[in-house]
Every structure is written in structure tokens, then in C-alpha cells.
Amino acid sequence: MARKYWLLKSEPGCYSIDDLAGEPDQTTCWSGVRNFQARNFLRDEMALGDMALFYHSVTEPSAVGTVRIVRAGHPDETALDPGDSHFDPRSTPAKPLWFAVDVRFVRKFATPVPLRAMRVVPALSGMELLRKGSRLSVTPVTKAEFDVICRMGEAEG
DNA sequence: GCCAACGTTGGC
DNA sequence: GCCAACGTTGGC
């Protein structure tokens, strides 16, 4: 099966790429996603070895680096923990409702790739991220889109 | 099954 | 801070 490519959104004030790079093993559990379409991607589509763009939303909307999926979909523990802000009583160990993957830091771009820069690149015009009103926090991207954004990120500022 | 109300996301 | 777009909920 061919490796797939993704884009993962996070508010940097909540969890940034620097937070990920600073983890002892540079790995984290991508938990807390509470949208069914995104859940389906996490649970059914993401595979070990897939790559993803790390995207900062809200403050400085931009792709800021890349990560690797190091563990495929598994039940999101935060949904099962009554003490967690992401707790959801509809999810149980026997019938988990929400899922997470584990991701490992790969690289931080030399220069972030702003959303407004992506908007003017014809090769990126099909991205879900660029759709007006798009709020999906986990979206598939093509290898071509992934590569274009990586090149933009590695270009000198 | 419809749809209004509501809460949230996220760019600007 | 504003507000458009969207997903979810719940009354009917």
C-alpha cells in the first residue's frame, strides 16, 4: 500500500510544533479530535509510515513542518477519562467513539508556509484547507501537494 | 426527516 | 473582536 499524506491542524497556543519537537521522544498522541469525518480518517485511513504536514491555525495560519505517523488509529484515551476536558461519555473501552494516532516530529520548516501563500499556488488549489469555511482538522493531501509545500518551507525566507 | 437554534472553528 | 461557515442537537 502506498504511503499516504495528510495535514493536521493545531492551534499553536494549544499544541505547537515546538511542543512536539520538545517531547522527550519527539512523539505525541494526536488526541482530542471530535469531528466524525476527521475521526474516520484517523481510525480507517491513516497508516504507519504515512506523512503529515503540521499546520498552525488561528494565530499565524501556516504549515510549519512535517511529522510521521508512528502508530495507526487507536481509541482516544482522553474520551474515556472523566477528568479530561475531551471526555465524552458516549465513548467506552468496549465501543470507543473517538480515535487518535501517534505522530513523531520529522522537521520544522526553515520558513513557515502561510495559508495566504498557498492560496496563490495553482498546484495547491485543490486542497481542502483552502476551501472557504473549511474547518476539518485532519485532511488528506496529495503527494504532489505535500512536496510543493515542503519545497516552499525549505526555501530561503 | 426537517430545520431552527446553538456552539465552535478559524481566517481576517 | 467580528462573523461566515459549518457540525451537532433536539423539537416537532
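Worth knowing before you read on, the calculation uses all heavy atoms, side chains too, and leaves out hydrogens, waters and symmetry mates. Below, chain A is the first sequence line, B the second, and so on; all start at residue 1.
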Taking everything shown except A:Arg107 itself, do over 12 heavy atoms lie less than 6.0 Å from its CZ?
no
Can you sort out which residues in residues 50-60 of chain A have a heavy atom within less than 4.0 Å of DNA chain B? Ascending by number, please.
A:Tyr55, A:Ser57, A:Val58
Rounded to whole angstrom units, what separation is found between the CZ atom of A:Arg131 and the P atom of B:dT9?
18 Å
Can you see if the side chain of A:Arg90 gets near the phosphate of C:dT8 - specifically, an N or O under 4.0 Å from OP1 or OP2?
no
Is it the case that one hydrophobic cluster holds both A:Met152 and A:Val64, taking links as side-chain heavy atoms less than 4.5 Å apart, direct or via other members?
no
Atom CZ of A:Arg104 with >12 non-hydrogen neighbours under 6.0 angstrom
no
Are any of the side-chain heavy atoms of A:His74 and A:Asp102 separated by less than 4.5 Å?
yes
Salt-bridge test for A:Asp147 and A:Lys143: reply yes if a basic N is under 4.0 Å from a carboxylate O, no otherwise.
yes
Check side-chain contact (heavy atoms from CB on, under 4.5 Å) between A:Ser137 and all other residues, then give those that pass, not counting sequence neighbours.
A:Lys9, A:Val33, A:Ala38
Hey, is CD on A:Gln26 packed in by over 12 heavy atoms from elsewhere, all under 6.0 Å?
yes
Using the rule that Ile, Leu, Val, Met, Phe, Trp and Tyr join whenever any side-chain heavy atoms are under 4.5 Å apart, tell me whether A:Met51 and A:Leu20 fall into a single cluster.
no
Reference residue A:Trp6; test ring-ring contact (aromatic ring centres under 6.0 Å, His included); the match among A:Phe41, A:Phe146, A:Tyr55
A:Phe41
Check the distance between B:dG10's P and A:Glu128's CD and give it to me in whole angstrom.
11 Å
Do A:Lys108 and A:Asp18 meet the salt-bridge criterion of a basic N to acidic O distance under 4.0 Å?
yes
Which pairs count as side-chain hydrogen bond (donor to acceptor under 3.5 Å, both in side chains) when at least one residue sits in residues 82-97 of chain A, sequence neighbours excluded?
A:Asp88-A:Arg90, A:Asp88-A:Trp98
What does the list of N/O pairs under 3.5 Å between the protein and nucleotides 2-5 of chain B look like, with a distance for each?
none

Using the ring of each side chain (for Trp, its six-membered ring), is A:Tyr15 parallel, tilted or perpendicular to A:Trp30, with breaks at 30° and 60°?
perpendicular
Rounded to the nearest Å, what distance is computed from the NZ atom of residue A:Lys9 to the P atom of nucleotide B:dT9?
11 Å
Shared hydrophobic cluster for A:Met127 and A:Met46 (ILVMFWY, side-chain gaps under 4.5 Å):
no
Where along residues 112-119 of chain A does a heavy atom fall under 4.0 Å from DNA chain B?
A:Leu115, A:Arg119
A:Arg39 near the nucleic acid: base, sugar-phosphate alone, or nothing, with a heavy-atom cut-off under 4.0 Å?
nothing
Near DNA chain C, counting only heavy atoms under 4.0 Å, which residues of residues 29-38 of chain A show up?
A:Asn35, A:Phe36
